[in-house]
There are 2 protein chains.
Amino acid sequence: MARSSRKQEILQAALGCFTEYGVEATTIEMIRDRSGASIGSLYHHFGNRERIIAALYLEGIGEYAARLEAGLIETLDAEACVRLFVSSYIDWVVANPDWARFVLHNRGRVEAGEMGDRLREVNQAHGERVGAILRRHRESGAFRRMPSDCFIAVVIGPCHDMARNWLAGRSRTALADVRDLLADIAWASVRA
Amino acid sequence: MARSSRKQEILQAALGCFTEYGVEATTIEMIRDRSGASIGSLYHHFGNRERIIAALYLEGIGEYAARLEAGLIETLDAEACVRLFVSSYIDWVVANPDWARFVLHNRGRVEAGEMGDRLREVNQAHGERVGAILRRHRESGAFRRMPSDCFIAVVIGPCHDMARNWLAGRSRTALADVRDLLADIAWASVRA
DNA sequence: ATAATTCTAGAAAATTATTCTAGTCAAAAC
DNA sequence: GTTTTGACTAGAATAATTTTCTAGAATTAT
């Protein structure tokens, strides 16, 4: 067995349980069962239940953030930049629905817990890198003037809501089908 | 002691604990302590921990939904209607921050749990009443054509994100100060 | 080969949630 | 005015779940 594969097996088992039964309702025993690991192994790798949740969360947003930043670096045009925000988010959700659902519903839990500081660090670092890229466009006058908090919320907020509904099976519209519409609206909302 | 005041005391105590320590970390014992109730009383009123969470959630969205619907009934103009969505949401969050934070972060938990069906019923009924009001405007051509799922997400999504950030103390901008800006953007995003 | 380290195992202990029995209290029925 | 009924409270007992702990297997480094 490859090194630390057990750790990944546990995380995958946990995500499976969380998706199927909800985070609250899954017990350590269920994760142990599905992963084939022992209690000892589980606690060796993660220390406690909460850190399993936090690890899954951090890995999820990490992958998405990396993708977004990689794309942004190559994108010089303000409009393309805004559209990339929308489309890379939608693409990630469509490609990783279980992970996306978990991440969308558990930020508060992780932030309130012992890994909260760690998460805030990671988010802040990511936010600053993205912010630096956006600042160029803002200063060049490509965007309507508004607080930067608002800018992010306006661009990605509709995607979050739409994804949440789609992931919960509440949406009659396929998420992938509204990618371009949401990108249009996002750009129209923030252009100068 | 007025009838069923104990029940409300327990709910308030629970919300206090959830705000202070997070939902995961608060135990029945902590709620018992803060409310002054006994274990027996707690279980008499709610049956289990999850139903305390669900009751708090349902009461929270209920109050907000009632306010919104009351406003919508008196609003005949399409633009005013969209602005009302934004402003009544922001006003509610500013007036009830703890409750708003709890509701924003625990929808998934309640939906996944035993009260999930009940919540979906309530949400669907609310959605249909609101949808009926919006349909008039849509059919009169006041709105840009888009799936109704998208419409809601575009109007209220930025508010959700902004509120989430503000409630978590991540926002430098006061939420009340961007109410009109968000309403402007919402209307610009959905007008024909 | 052997020492060091990481990892796995599962029983034992601790913590937390829930059930259960025994009541109190206030109002309705008689 | 007492009895009865049902809602409510109490806390001990029980059950479920998480966490700790000790021992040993597997892997890596020396």
Side-chain angles (χ1 to χ4, degrees), chain A residues 1-57 59 102 106 108-110 112-116 118, chain B residues 1-59 102 106 108-116 118:
Chain A
M1 192 181 300
R3 192 140 182 310
S4 103
S5 136
R6 200 16 90 82
K7 199 168 178 178
Q8 284 302 314
E9 283 172 3
I10 294 169
L11 286 178
Q12 281 304 317
L15 183 54
C17 290
F18 294 161
T19 301
E20 200 161 331
Y21 311 108
V23 176
E24 201 87 334
T26 83
T27 66
I28 295 283
E29 174 64 15
M30 288 158 86
I31 298 172
R32 191 199 61 68
D33 226 51
R34 188 185 285 225
S35 66
S38 69
I39 296 288
S41 184
L42 245 143
Y43 276 87
H44 167 75
H45 285 297
F46 297 100
N48 63 33
R49 194 185 115 103
E50 194 182 321
R51 288 212 274 270
I52 297 175
I53 295 170
L56 210 44
Y57 187 91
E59 197 165 319
F102 174 76
N106 291 283
R109 202 190 305 256
V110 177
E114 59 178 324
M115 296 301 264
R118 180 73 200 295
Chain B
M1 190 181 301
R3 193 137 181 309
S4 104
S5 136
R6 202 11 91 83
K7 198 167 178 178
Q8 284 301 315
E9 283 172 4
I10 293 169
L11 286 178
Q12 281 304 318
L15 182 55
C17 290
F18 294 162
T19 301
E20 200 162 330
Y21 310 108
V23 175
E24 201 87 336
T26 82
T27 66
I28 295 284
E29 173 65 15
M30 288 158 87
I31 298 172
R32 191 200 60 70
D33 226 52
R34 189 185 285 225
S35 67
S38 69
I39 295 289
S41 184
L42 244 143
Y43 277 88
H44 167 75
H45 285 297
F46 297 99
N48 63 31
R49 194 185 114 102
E50 194 182 320
R51 288 212 274 271
I52 297 175
I53 295 170
L56 211 44
Y57 187 91
L58 286 165
E59 196 165 321
F102 174 75
N106 291 283
R109 201 190 305 256
V110 177
E111 270 191 332
E114 59 177 325
M115 296 301 263
R118 180 73 200 293

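Just so you know, these numbers come straight off a predicted model, no measurement behind them. The chains referred to below are lettered A, B, ... by the order of the sequence lines, with proteins before strands, and numbering in each begins at 1.
Taking side-chain N and O atoms only, B/His44 has a distance below 4.0 Å to OP1 or OP2 of D/dC8. Phosphate contact (OP1/OP2 of D/dT20, side-chain N/O of A/Arg49, threshold under 4.0 Å): absent. A close approach under 4.0 Å does not occur between any side-chain nitrogen or oxygen of A/His45 and OP1 or OP2 of C/dT6.
Within residues 24-40 of chain B, the residues approaching DNA chain D are B/Ala37, B/Ser38, B/Ile39, B/Gly40, by heavy-atom distance under 4.0 Å.
Counting to the nearest Å, the C1' atom of D/dA7 and the CZ atom of B/Phe46 are 15 Å from each other. In this structure, the CG atom of A/Asn48 is 12 Å from the P atom of C/dT16, given to the nearest Å. For the pair A/Glu9 CD and C/dT8 C1', the interatomic distance rounds to 13 Å; values are reported in whole Å. If you measure from atom CG of B/Leu42 to atom P of D/dA12, you get 16 Å, rounded to the nearest angstrom. If you take OH of B/Tyr43 and C1' of D/dA15, they are 11 Å apart, rounded to a whole angstrom. The interatomic distance linking A/Arg6 (CZ) with D/dA25 (C1') rounds to 13 Å, in whole Å.
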field: Residue pair B/Thr19, B/Leu15: steps toward the side chain to side chain contact (heavy atoms under 4.5 Å, CB included) verdict
entry: CA-CA 6 Å; B/Thr19 301; B/Leu15 182 55; 4.0 Å; yes
message: Run B/Met30 and B/Glu20 through side chain to side chain contact (heavy atoms under 4.5 Å, CB included) and show every step you take.
response: CA-CA 11 Å; B/Met30 288 158 87; B/Glu20 200 162 330; over 6 Å; no
- request: Apply side chain to side chain contact (heavy atoms under 4.5 Å, CB included) to B/Ile52 and B/Leu42, showing your working.
  value: CA-CA 9 Å; B/Ile52 297 175; B/Leu42 244 143; 3.4 Å; yes
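Between A/Arg34 and A/Gln12 there is no side-chain heavy-atom pair separated by less than 4.5 Å. Side-chain contact between B/Ile39 and B/Tyr43 is present, with heavy atoms from C-beta onward closer than 4.5 Å.
Salt bridge status for A/Glu50 with A/Arg109: absent, with no side-chain N to carboxylate O gap under 4.0 Å.
Taking the side chain of B/Ser41 as heavy atoms from C-beta on, and the options D/dT9, D/dT18, C/dA17, the nearest nucleotide is D/dT9.
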